[in-house]
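Heads up, the thing below is written out as structure tokens.
Just so we're clear, the structure is a prediction, and the values are computed from it rather than from any experiment.
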Amino acid sequence: MKKLLMPVCCAALLAAATAEAKTLVAYFSVPETTAAPVNREEENGVVTVGGQVLGNTQYVAQLIARERRGDLFRIEPRIPYTTDHAELVAQARAEQRRRVRPDLKRRVDDLSRYDTVFIGYPIWWSDLPMIVYSFLEQHDLKGKTVIPFVTHGGSHLAGTPATIAKLLPGSRVVADALCLDRDDVEQTAAAEVAGWLKALDLK
């Protein structure tokens, strides 16, 4: 029986397609200011890096994307959240009680390009922010490796990796999520991210 050889052009296309399989780092972050200096309340949710004010989760997402050479995607609502701390807390609570699914400003154009998807978010009222539910429910992540990372103010993971696994039964959801206290992000995030990614041993 003759051995069938793949034409060179087809082999090259297959290799190119494999090379294009990338990492996506999708994150939700609401910095309550984008200007330095910041006040005490704003300090809880932001990191100042090189004079630029970033949300805690935004900063961690950027670190992961840099380490993995991945694409960044910011999860945003069509109607922006308030940056007033007290109003934001109340809005988050009201959305949770009503199980609201805020409209997304935009969706990922071509998920077929990605085999690994990191999902980052702050813990709001011991749960995923409702906008993250919107993102997970409106994107087909079947067959992909989904890896959560979290910033929090004392709630730790709050069981959210298990919540994501229930929402995405066709995905491989990694239970070993990164969990960073918001008070430590600026000092420890770079080392924590590097060590965590190494322990995950991703291809």
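The closest donor-acceptor contact from the side chain of Gln96 to the backbone of Trp125 lies under 3.5 Å. Under a 3.5 Å cut-off, the side chain of Trp124 and the backbone N or O of Val89 do not form any donor-acceptor pair. When atom types are taken as modelled, the side chain of Ser134 and the backbone of Leu104 share no donor-acceptor pair closer than 3.5 angstrom. The backbone N or O of Val108 sits less than 3.5 Å from a side-chain atom of His139, completing a donor-acceptor pair. The main-chain N or O of Asp84 is found under 3.5 Å from a side-chain atom of Thr82 such that the two form a donor-acceptor pair. Judged by distance alone, with hydrogens and angles left aside, the side-chain atoms of Arg99 form no donor-acceptor pair with the main-chain N or O of Arg97 at under 3.5 Å.
Residue Leu88 is grouped with residue Ile75 when hydrophobic side chains (ILVMFWY) are merged at heavy-atom distances under 4.5 angstrom, including chains of intermediate members. Under the 4.5 Å side-chain heavy-atom criterion for grouping Ile, Leu, Val, Met, Phe, Trp and Tyr, Val100 is not connected to Phe135 through any hydrophobic cluster.
When all heavy atoms of Leu128 and Leu167 are compared, the pair lying nearest together is CD1-CD1, 4.3 Å. For Val132 against Ile119, the heavy-atom pair with the smallest separation is CG1-CG2, 4.2 Å. The minimum heavy-atom distance linking Ser171 with Val146 is given by the pair CB-CG2, 3.9 Å. Taking every heavy atom of both residues into account, Tyr59 and Leu54 meet most closely at CD1-CD1, 4.1 Å. For Asp127 against Ala158, the heavy-atom pair with the smallest separation is N-CB, 4.4 Å.
Between Val193 and Phe149, the closest side-chain pair of non-hydrogen atoms is not below 4.5 Å. For the pair Leu180 and His152, the minimum side-chain heavy-atom distance is 4.5 Å or more.
For residues 155-167, the set of pairs meeting the side chain to side chain donor-acceptor pair (under 3.5 Å) definition, not counting sequence neighbours, comprises Tyr121-Thr160. Sorted by first and then second residue, the ring pair (Phe, Tyr, Trp, His ring centres under 6.0 Å) pairs with a member in residues 168-203 read Phe118-Trp196; sequence neighbours excluded.
Annotation: the span from Ile164 atom CD1 to Ile147 atom CD1 amounts to 11.0 Å, rounded to 0.5 Å. Here the CD-CG distance, from Glu192 to Leu197, works out to 11.0 Å after rounding to the nearest 0.5 Å. Annotation: the span from Gln138 atom CD to Arg107 atom CZ amounts to 5.5 Å, rounded to 0.5 Å. Within the model, atoms CD1 of Ile64 and CD of Gln62 stand 11.0 Å from one another, a figure rounded to the nearest 0.5 Å. Atoms CG and CZ, from Asp115 and Arg172 in turn, are 11.0 Å apart once rounded to the nearest 0.5 Å.
For the ring pair (Phe, Tyr, Trp, His ring centres under 6.0 Å) test, no residue two or more places apart in sequence or in another chain qualifies with Tyr133.
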Is there a side-chain contact (heavy atoms from CB on, under 4.5 Å) between Leu24 and Lys144 once you walk through the steps? CA-CA 11 Å; Leu24 176 68; Lys144 302 186 187 300; over 6 Å; no

Chi angles and distances behind the side-chain contact (heavy atoms from CB on, under 4.5 Å) call for Asp103, Ile79: CA-CA 8 Å; Asp103 292 335; Ile79 300 173; over 6 Å; no

Quick one, Phe73 with Tyr114, criterion ring-ring contact (aromatic ring centres under 6.0 Å, His included). Give me CA distance, side-chain angles, the key distance, then yes/no. CA-CA 12 Å; Phe73 178 86; Tyr114 306 105; 9.5 Å; no

Val60 vs Thr57, side-chain contact (heavy atoms from CB on, under 4.5 Å): CA-CA, chis, key distance, verdict: CA-CA 5 Å; Val60 177; Thr57 311; 5.5 Å; no

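Tyr81 pairs in a side-chain hydrogen bond (donor to acceptor under 3.5 Å, both in side chains) with only one of the listed residues (Gln91, Glu87, Glu95), which is Glu95. Exactly one of Glu67, Arg113, Arg68, Arg69 qualifies for a side-chain hydrogen bond (donor to acceptor under 3.5 Å, both in side chains) with Thr23. That residue is Arg68.
Salt bridge status for Asp110 with Lys22: absent, with no side-chain N to carboxylate O gap under 4.0 Å.
A donor atom on one side chain and an acceptor atom on the other are not found under 3.5 Å apart for Gln58 and Ser29.
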